[in-house]
Each structure stands twice: as C-alpha cells, then as structure tokens.
Amino acid sequence: MKSQSAILESIPDHARHLFFKLKPAADLRPALRALAAACDGQSAVLGIGVEVAAALNVELTGLRAFPDLPDARPAIPVTQHALWLWLRGDEPGDLLLQGHALEALAAPAFSLVQAIDSFRHQDSRDLTGYEDGTENPKDDAAIEAAIAQGQGVGIDGSSFAAVQQWLHDFASFDAMPRSEQDNCYGRRRDDNEEIDGAPESAHVKRTAQEDFEPEAFVVRRSMPWVAGADAGLVFLAFGKSFDAYEAQLRRMTGHDDGISDALFSFTRPLTGGYYWCPPLGVAGIDLQALGL
Ligand code: HEM
C-alpha cells in the first residue's frame, strides 16, 4: 500500500495549508470522494480530522483530536479542525488557485477556516537561521517512522500528521547573544554541530528521538511562514501514529522533568491539530477505512 508521496519527499519551495470545518447537517461523503479523487498526495496532501470519522460513524484506530495538556508549561493551544490540505508547489499564486479549486470541491460539506502560506528558507532553515530537519530519519527509516504498516488494508500506507503554527518573537531572539541562541537549540548555527554539554532545556535535548521509551522518531516537514509583520514556522510532523510527536511535545512542555524547552523563550504555538493522511490507491486517495 502506497503513502501520499509528499510525506516522504523533501520540502518544496512553497506550500499552503488549508484548514476546514464541517458544515452543519451536510452529507460529507460526496465532498470527501471528490477531494480524494482530486488530491494526488504529491501536490496536494489530504488529512482527515477525528470529527470527520465521527460524522461517518467510523472509529479509526489511532485517530484522535490534538491533546489538551493541562500541565503543559507554557500552555499549548488546541485548534483541531475537520480537514487539512497541504498544497505543495513552486509558486504561491499557483497554490492559491489550486486551493480555490479544492475549496470548491469541498464546499458542499466543508468551509475554509484558516489558510497559511509557507515557504522554504535557504537550505531548509528556520527564520532564526538554524537548519531544520537534520535528524529526520531517511529512506527505510523514514517509512518505518512515518507510515503505518501491518495494520490492515485501508490503514497501511497512511500517516498521522501533527500541524502547529508557531509565531516567533524576533526581538527576544535577536536580544540574545549567539551562544545563548545556540544553547536554545543545542546546535551551533554556523556549522549545525550539536553542542557538547548543552543545557537540558536545549531543543534537541528535549526532543532527542532515541532518548524516548519507546524511541520517538517522526519525519518533520516544517516550513517558515510570513504574514504582514508576523512570521514563524509551520511545524509539521508525520508519524505512524501521533504517539512519538505527543511524547516530544510533552517533554518540551516540562511533563517529564519540569524543564520546558528553551525555544519557548522566543516562539510559541498559535494552533495545533492532528490529521490522518489516508493511503494512496489506484484512483487517488483511498478512503476505504472511512467506509467510502
Ligand atoms: C518553532 C518551533 C520549532 C523550531 C524552530 C524547531 C527547530 C528545530 C531545529 C533547528 C532542530 C535541529 C536540527 C534538526 O534535527 O532538525 C530541531 C530538531 C528537532 N525538533 Fe524541532 N523545532 C520546533 C518545534 C518542534 C516541535 C513542536 C517538535 C515536536 C513536538 C519538534 C521536534 C524536533 C525533533 C524530533 C528534532 C530532532 C531531535 C533529534 O533527534 O536530534 N520541534 N528542531
């Protein structure tokens, strides 16, 4: 069973994230079928929120809403939507127009609630200048981390995406000396090397994937965003379940040892949602696990 191929590809030059809510009392089956046929998993990735499965009376193993973490320091917002589309391409104008076409297909059952344009910065860097994605698993390890396998037809080949829009406070970041900025990440900006003896709050120490039990590997496809004077990162992680991401987020917010991630000194999430990305079939995206 094949996955939506964009999940295993490096990030494009441009992307657009669209989030939709369910219209009351709409029959969502025809709209979902139309979207599944129109999304190729490469230029358009389709993600389904738990509300859609519930509306279809389907309980899909592993699909749940973005967690409410009451002890998280700082607090983590939950903005779970019904549907997410990740459009990928070379040029923002094309993505806008492609989005319009998909919005029209979704319109009988879904209305757009948020759109975020994002882009690749230099060689996949966050806007603070640090290379993002270095420790992503590659090849077979990426498939093992990001794609569900051995769970049955309709689920195999699927992936579980966590999407969060983060807003950077550049004034706070710029006020730090470079050594402190490097310590926030636990890597040096200049050569991307890990810092020996980085503080426990360093981001790569909080999220070190092999340090979890079980190991918590994900495939990250985050990209920066700018809207007017605001900017930050659209964090995007694919897993064979939501568990690895959730374990990392808990450790970042002090759940395991009371230490919060140093990233929070200059950035914070504005949104957070979980979406199940169905496998790819012969005629577009395969929704059989939803009974379609
Ligand atoms: C604005 C928010 C964030 C920024 C700017 C950011 C940036 C970075 C950077 C620069 C690295 C080091 C290079 C690399 O391996 O990619 C990194 C590593 C990593 N980040 Fe983030 N990140 C953010 C949020 C998150 C969140 C929310 C999670 C998960 C809950 C996360 C999970 C990871 C993981 C798993 C690694 C690799 C750790 C390892 O195994 O070495 N990041 N991040």
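In each ligand, atom 1 is the first atom listed, and ligand 1 is the first ligand listed.
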Close approach, H168 and ligand 1, non-hydrogen under 4.0 angstrom: yes
Among all protein heavy atoms, pick the one closest to atom 10 (C) of ligand 1 and tell me residue, atom and distance. E131 O, 3.2 Å
My understanding is that only one of L28, L32, D27 makes a side chain to side chain contact (heavy atoms under 4.5 Å, CB included) with P30; could you say which? D27
Classify the ring geometry between F119 and H121 as parallel (under 30°), tilted (30 to 60°) or perpendicular (over 60°). perpendicular
Among all protein heavy atoms in this structure, tell me which lies nearest to atom 21 (Fe) of ligand 1, with the distance rounded to 0.1 Å. H203 NE2, 2.0 Å
Does D123 CG have over 12 foreign heavy atoms under 6.0 Å away? yes
Going by side chain to side chain contact (heavy atoms under 4.5 Å, CB included), I285 matches just one of S158, C277, P278. Which one? P278
Using heavy-atom distances, let me know which of Y130, Y185, F235, F212 sits nearest atom 24 (C) of ligand 1. F235
Of all the non-hydrogen atoms in the protein, which one sits nearest to atom 15 (O) of ligand 1, and at what distance? E135 N, 2.9 Å
For atom 29 (C) of ligand 1, what's the nearest protein heavy-atom neighbour? Residue, atom name and distance, please. Q248 OE1, 3.2 Å
Under 4.0 Å, heavy-atom basis, I'd like to know which part of Y245 is in contact with ligand 1: side chain, backbone, both or neither. both
May I ask you to check whether over 12 heavy atoms, not counting those of R64, lie within 6.0 Å of atom CZ? yes
Please tell me whether F238 and W86 form a close aromatic pair, meaning their ring centres lie under 6.0 Å apart. yes
With D132, which of R187, R220, R125 fulfils salt bridge (charged side-chain N to carboxylate O under 4.0 Å, His left out)? R220
What atoms of ligand 1 come within less than 4.0 Å of a heavy atom belonging to W166? 1 (C), 2 (C), 27 (C)
F20 vs F110 aromatic rings, parallel, tilted or perpendicular, using cut-offs 30° and 60°? perpendicular
K23 atom NZ, neighbour heavy-atom count above 12 within 6.0 Å: yes
Out of curiosity, F173 CZ to H168 NE2, how far, rounded to the nearest 0.5 Å? 8.0 Å
In ligand 1, the atoms that come under 4.0 Å of a heavy atom of A208 are 39 (C), 40 (O)
What protein heavy atom lies closest to atom 14 (C) of ligand 1? Include the residue and the distance to one decimal. T134 N, 3.3 Å
To which of N136, V218, V204 does the heavy atom nearest atom 12 (C) of ligand 1 belong? V204
Counting heavy atoms only, which of T207, L236, L233, T253 comes nearest to atom 4 (C) of ligand 1? L233
Would one find an N or O of R220, backbone or side chain, under 3.5 Å from an N or O of ligand 1? yes
Atom 9 (C) of ligand 1: closest protein heavy atom, distance to 0.1 Å, is D132 OD1, 3.8 Å
Pick, from R125, Q209, R250, the option with the minimum heavy-atom distance to atom 39 (C) of ligand 1. Q209
Report the nearest protein non-hydrogen atom to atom 3 (C) of ligand 1: residue, atom name, distance rounded to 0.1 Å. L263 CD1, 3.5 Å
Test F264 against W166 for ring pair (Phe, Tyr, Trp, His ring centres under 6.0 Å), laying out the working first. CA-CA 10 Å; F264 290 112; W166 289 68; 5.5 Å; yes
In a check of ring pair (Phe, Tyr, Trp, His ring centres under 6.0 Å) between F242 and each of Y275, Y274, W276, which one passes? Y274
Specify side chain, backbone, both or neither for M252, according to which of its non-hydrogen atoms lie closer than 4.0 Å to ligand 1. side chain
I need the nearest protein heavy-atom contact for atom 16 (O) of ligand 1: residue, atom name and distance, please. G133 N, 2.5 Å
Numbered atoms of ligand 1 (with element) below 4.0 Å of Q164, judged on heavy atoms: 27 (C)
